Amino acid sequence: MVSFQERVFQVVKKIPPGEFLTYKMVAKLAGRPWAWRAVGNILNKNKNPKIPCHRVIRSNGRVGGYNQGMKKKIYLLKKEGIIIKHGKVAC
DNA sequence: CGTATGACGTGCA
DNA sequence: GTGCACGCCATAC
């Protein structure tokens, strides 16, 4: 039995380049589909650069936030091939 | 143990 | 389409 946070990290680390998941998706893959709230909290407190948390966005298409700065998150996503439009993803 | 917070999501105006 | 308010879970204090 591991913490929900570790479960989320494992899922996020499995996200391939050029792809992205929503907080709800990560929560579901982590085993707590209804705990997307906690997903954001965990990633927020997480400072591990090994976690591509920039590939996790909101369900409405918004990029959401980022500990290192939303600008950095958008930059990374765009560099991966994801189109960002006015702070939104592929919309 | 109880309260408050937060990188959210959905509903309504 | 945008903005505000409420509800939700896990973690921190």
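What you see is a predicted model; the values in this text were computed from it and never measured. Quick note on labels: first sequence line is chain A, next is B, and so on, each numbered from 1.
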Footprint string (nucleotides 8-13 of chain B, 5' to 3'): B base within contact, S backbone only, - free, heavy atoms under 4.0 Å: BSS---

Given side-chain contact (heavy atoms from CB on, under 4.5 Å), test A:Met70 with A:Val63 step by step and report yes or no. CA-CA 8 Å; A:Met70 253 194 298; A:Val63 297; 3.9 Å; yes

Roughly how many Å is it from [atom1] in [X] to [atom2] in [N], rounded to a whole number?
X: A:Asn48; N: B:dA7; atom1: CG; atom2: P; value: 19 Å
X: A:Gln5; N: C:dA12; atom1: CD; atom2: C1'; value: 12 Å
X: A:Asn67; N: B:dT5; atom1: CG; atom2: P; value: 19 Å
X: A:Leu77; N: B:dA7; atom1: CG; atom2: P; value: 17 Å

Decide yes or no on side-chain contact (heavy atoms from CB on, under 4.5 Å) for A:Tyr66 and A:Leu43, but give the supporting numbers first. CA-CA 9 Å; A:Tyr66 199 48; A:Leu43 293 175; over 6 Å; no

Most 5' of A:Trp34 and A:Lys45 on DNA chain C, judged by nearest nucleotide: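 Of the two residues, A:Trp34 wins.
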
Okay, side chain of A:Lys73, backbone of A:Val56: is any donor-acceptor separation there less than 3.5 Å?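 Yes.
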
Under 4.0 Å between any heavy atoms, over every strand shown, what does A:Ala35 touch: base, sugar-phosphate, or nothing? Just pick one.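 Here A:Ala35 touches the backbone only, sparing every base.
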
Categorize A:Phe4 for me: base, sugar-phosphate, or nothing, with a 4.0 angstrom heavy-atom threshold over every strand shown.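 Result for A:Phe4 = sugar-phosphate.
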
Just grab all the salt bridge (Lys or Arg N to Asp or Glu O under 4.0 Å) pairs involving residues 5-18 of chain A, residues at least two apart or on different chains.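 Listed by first then second residue: nothing to list.
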
With salt bridge (Lys or Arg N to Asp or Glu O under 4.0 Å) as the rule and sequence neighbours excluded, what pairs involving residues 48-62 of chain A come up?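 Found A:Arg55-A:Glu80.
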
Where do A:Phe20 and A:Val89 land on the side-chain contact (heavy atoms from CB on, under 4.5 Å) test, with the steps shown first? CA-CA 10 Å; A:Phe20 60 93; A:Val89 178; 3.5 Å; yes

